[in-house]
Protein chains: 2
Amino acid sequence: MSNVDEYSTDNLTNAELGFDLGTRLRSVREQYGLSQRELARRAGVTNGTISLIEQNKNSPSVASLKKVLDGIPLSLSEFFTLDLPSQDQIFFKAHELLALAKGAISLRQVGRNLRHRKLQILHERYAPGADTGTLMLQHDGEEGGIVLRGRIEIVVGGQNRVLEAGDAYYFDSRQPHRFRNVHDQECELISVCTPPSF
Amino acid sequence: MSNVDEYSTDNLTNAELGFDLGTRLRSVREQYGLSQRELARRAGVTNGTISLIEQNKNSPSVASLKKVLDGIPLSLSEFFTLDLPSQDQIFFKAHELLALAKGAISLRQVGRNLRHRKLQILHERYAPGADTGTLMLQHDGEEGGIVLRGRIEIVVGGQNRVLEAGDAYYFDSRQPHRFRNVHDQECELISVCTPPSF
DNA sequence: TATCATCGTTTAAAAAAATAAACAATAATC
DNA sequence: GATTATTGTTTATTTTTTTAAACGATGATA
């Protein structure tokens, strides 16, 4: 049994791991609204284990850390990857949407760095006559949307339709597709893609 | 001392971790052209430790795994993140959206069978005072949306905000969350989830 | 083919982590 | 205000991991 110096609080991880594993686990747990006991129950370990880990008083085995994270749930990869879900911006004022394009077509995106996001959400506006170009778009993923205002012609594969306010669409993005405002008023819609394509 | 059954070769990690930690370490080590002893020397552990880990005969503590990986060198994040290596309906008229809920909260979905779709797109309406219930929602995936009309209070993790028309949100759905219309007018928004959660 | 170096594996003893139960502090309920 | 639950922490014991050293196997060299 090692005689732990009573003055050393976080005796190991900070120095040896290069980051504060205990604090990271604690903040993740609190963020998900779990008590030590509740997480322990879900993970199949004791609450003491979690307490000791969070205080950096022991360094969990990979097996037990995995069990703990399963209770959240969070993968080992996610846990050790710096960008925890918390660090991302959650709320966006209208003026904070990222303008990807302006002019005949305005594209305003929810969130900036899409590296670690699974969804690209866009607020799109098409001026009368505007279109996505003569070339058909094609890329991996799936996409869909709902029209808020105006009319838009959408061509997908061989099919084409004019959608109005309230109408919607959904297709595999590998099918060649194209958007065009064939009306004399502006068209507005919300679109979604996965994974982000640009 | 536990009496390890002589027939069980990989007694723990495959089942408990969901991946073969020992084999992963071994392949990384060999990829870098290091013997167990050489890696042990660089890492400051004994060769026996590495041998046992690679055979999945013990589950290293995070601290010692970190020491081992430092000898390669490879970060914990990198180690756990290593690459392990239809003809559906496209267009939907407004009345064709699938009503998942009506009443104080109206949910109208783009597309019917979500089995083979990666996105769930919803047109949501919240009556004044309506909310998603006292229990916080929690499920796998990510979600986001844009407010079209009215105001809505959104609670995510510890944070809460009131969003208005044009504002948006995006978060990891495993964080406990809740929506509530705290205004005296109806609130309308477009939301997206991945993967579909119901 | 004998010798030497190096390899991965195994084993008893030492060290560290996980458990189970008790403890103290705070919040909730009657 | 007293009681009850629930929170995070701590401690003795059990379990697991790590060490240190020995073992057997392979390959190179003289």
Side-chain angles (χ1 to χ4, degrees), chain A residues 1-17 20-71, chain B residues 1-17 20-71 134 158:
Chain A
M1 177 64 71
S2 73
N3 216 340
V4 175
D5 176 11
E6 66 171 302
Y7 297 105
S8 70
T9 50
D10 57 352
N11 14 9
L12 33 89
T13 21
N14 283 332
E16 300 179 11
L17 291 182
D20 191 334
L21 186 147
T23 300
R24 184 177 295 193
L25 175 60
R26 173 162 292 171
S27 65
V28 169
R29 175 178 62 77
E30 290 175 343
Q31 188 175 343
Y32 285 82
L34 300 172
S35 69
Q36 289 182 344
R37 280 183 163 82
E38 173 61 16
L39 177 54
R41 191 190 61 74
R42 297 190 189 189
V45 300
T46 61
N47 60 307
T49 298
I50 291 177
S51 177
L52 293 169
I53 293 173
E54 290 187 349
Q55 297 170 85
N56 290 321
K57 290 195 173 171
N58 61 21
S59 179
S61 70
V62 172
S64 47
L65 179 61
K66 173 64 161 51
K67 281 166 66 178
V68 170
L69 294 178
D70 280 344
Chain B
M1 176 66 70
S2 73
N3 216 339
V4 175
D5 176 13
E6 66 171 301
Y7 296 105
S8 69
T9 49
D10 55 354
N11 13 8
L12 34 90
T13 20
N14 283 332
E16 300 179 12
L17 290 182
D20 191 333
L21 186 146
T23 300
R24 184 178 296 193
L25 175 60
R26 173 161 292 171
S27 65
V28 169
R29 175 177 63 79
E30 290 174 342
Q31 191 176 334
Y32 284 80
L34 301 172
S35 69
Q36 289 182 343
R37 280 184 162 82
E38 174 60 16
L39 176 55
R41 191 190 61 74
R42 298 190 187 188
V45 299
T46 61
N47 59 307
T49 299
I50 292 178
S51 176
L52 294 169
I53 293 172
E54 289 187 350
Q55 296 171 84
N56 290 321
K57 289 194 173 171
N58 62 21
S59 178
S61 70
V62 172
S64 45
L65 179 61
K66 174 64 162 51
K67 282 166 64 177
V68 171
L69 294 177
D70 279 345
T134 51

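Heavy-atom basis, side chains included; hydrogens, waters and symmetry copies ignored. Each chain gets a letter, A, B and so on, in the order the sequences are listed, and its residues count up from 1.
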**Q** Starting at atom CG of L65(B), determine the distance to atom P of dT16(D), rounded to an integer number of angstrom.
**A**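 One finds 20 Å between P of dT16(D) and CG of L65(B), rounded.
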
**Q** May I have the distance from N56(A) (atom CG) to dA16(C) (atom P), rounded to whole angstrom?
**A**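 From N56(A) CG to dA16(C) P: 16 Å.
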
**Q** Can you tell me if N47(B) touches the phosphate of dT9(C), counting only side-chain N or O atoms and a distance under 4.0 Å to OP1 or OP2?
**A**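 So the side-chain polar atoms of N47(B) never come under 4.0 Å of the phosphate oxygens OP1 or OP2 of dT9(C).
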
**Q** Taking C-beta and beyond as the side chain, do V62(A) and L65(A) meet within less than 4.5 Å on heavy atoms?
**A**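 They are not in side-chain contact.
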
**Q** Identify whether any heavy atom of S35(A) sits under 4.0 Å from a base atom; if not, whether one sits that close to sugar-phosphate; answer base, sugar-phosphate or nothing.
**A**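 Sugar-phosphate only.
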
**Q** Expressed as a whole number of angstroms, how long is the span from R41(A):CZ to dA18(C):P?
**A**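 Going from R41(A) (CZ) to dA18(C) (P), I get 20 Å.
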
**Q** For the side chain of N58(B), starting at C-beta, report the closest nucleotide among dG8(C), dT17(D), dA18(C).
**A**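 Output: dT17(D).
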
**Q** Taking C-beta and beyond as the side chain, do P60(A) and L21(A) meet within less than 4.5 Å on heavy atoms?
**A**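 Yes - at least one pair of side-chain heavy atoms lies under 4.5 Å apart.
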
**Q** Take atom CG of L52(B) and atom C1' of dT11(C), then tell me their distance rounded to the nearest Å.
**A**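 In whole Å, dT11(C) C1' lies 10 Å from L52(B) CG.
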
**Q** Residues two or more places apart in sequence or in another chain: which of them pass salt bridge (Lys or Arg N to Asp or Glu O under 4.0 Å) with R41(B)?
**A**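 So R41(B) forms a salt bridge (Lys or Arg N to Asp or Glu O under 4.0 Å) with E38(B).
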
**Q** Can you tell me how far apart CD (E54(A)) and CG (D20(A)) are? Round to the nearest 0.5 Å.
**A**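 CG of D20(A) is found 10.5 Å from CD of E54(A).
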
**Q** Once you round it to whole Å, what is the distance between P of dT17(D) and NZ of K67(B)?
**A**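 Value for this atom pair: 16 Å.
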
**Q** Please check the phosphate of dG8(C) (OP1 and OP2 only) for any side-chain N or O of Q55(B) closer than 4.0 Å.
**A**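 It does not, given that no N or O in the side chain of Q55(B) lies less than 4.0 Å from OP1 or OP2 of dG8(C).
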
**Q** To the nearest 10 degrees, what angle separates the axes at the start and end of the helix from dT1(C)-dA30(D) to dC30(C)-dG1(D), five pairs each?
**A**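 Taking five pairs per end, the axes differ by 20°.
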
**Q** What's the separation between atom CZ in R24(B) and atom CZ in R29(B), rounded to the nearest 0.5 Å?
**A**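 With rounding to 0.5 Å, CZ (R24(B)) is 16.0 Å from CZ (R29(B)).
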
**Q** Can you see if the side chain of R26(B) gets near the phosphate of dT9(C) - specifically, an N or O under 4.0 Å from OP1 or OP2?
**A**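 For R26(B), the contact criterion (side-chain N or O under 4.0 Å from OP1 or OP2 of dT9(C)) is met.
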
**Q** For V45(B) and L39(B), what are the C-alpha separation, side-chain angles and deciding distance, and is it a side-chain contact (heavy atoms from CB on, under 4.5 Å)?
**A** CA-CA 8 Å; V45(B) 299; L39(B) 176 55; over 6 Å; no

**Q** If you measure from CG on L52(B) to CG on N47(B), what distance do you get to the nearest 0.5 Å?
**A**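 One finds 9.5 Å between CG of L52(B) and CG of N47(B).
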
**Q** Is there a side-chain polar atom (N or O) of K57(B) under 4.0 Å from OP1 or OP2 of dT16(D)?
**A**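 Result: no.
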
**Q** Would you kindly give the CD-to-C1' distance between E54(A) and dT10(D), to the nearest whole Å?
**A**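 Value for this atom pair: 15 Å.
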
**Q** Check this one for me: any side-chain N or O of T46(B) less than 4.0 Å away from OP1 or OP2 of dT18(D)?
**A**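 So the side chain of T46(B) is outside the cut-off, no N or O lying under 4.0 Å from OP1 or OP2 of dT18(D).
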
**Q** Does a side-chain N or O from S61(B) land closer than 4.0 Å to OP1 or OP2 of dT17(D), or not?
**A**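 Answer no for this pair, as no side-chain N or O of S61(B) is under 4.0 Å from OP1 or OP2.
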
**Q** Across the strands shown, which category fits I50(B) at heavy-atom distances under 4.0 angstrom: base, sugar-phosphate, nothing?
**A**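 Nothing, no nucleic acid heavy atom in range.
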
**Q** May I ask you to test the K66(B)-D70(B) pair for a side-chain heavy-atom distance under 4.5 Å?
**A**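 SC-SC contact between K66(B) and D70(B) confirmed.
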
**Q** Can you tell me which nucleotide in dT11(C), dC7(C), dT7(D) comes closest to the side chain of R37(B)?
**A**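 Closest of the options to the side chain of R37(B): dC7(C).
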
**Q** Distance check: side-chain N/O of S51(A) vs OP1/OP2 of dT9(D), anything under 4.0 Å?
**A**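 Checking S51(A) against dT9(D): at least one side-chain N or O falls below 4.0 Å of OP1 or OP2.
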
**Q** Counting side-chain heavy atoms from CB outward, which of dA18(C), dT19(C), dT18(D) is closest to I53(B)?
**A**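 Nearest to the side-chain atoms of I53(B), counting from C-beta on, is dT18(D).
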
**Q** Judged by each residue's nearest nucleotide on DNA chain C, which is more toward the 5′ side, Q36(B) or G48(A)?
**A**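 Going by which nucleotide is closer to the 5' end, it is Q36(B).
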
**Q** May I have the distance from L34(A) (atom CG) to dT6(D) (atom P), rounded to whole angstrom?
**A**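 Result: 16 Å.
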
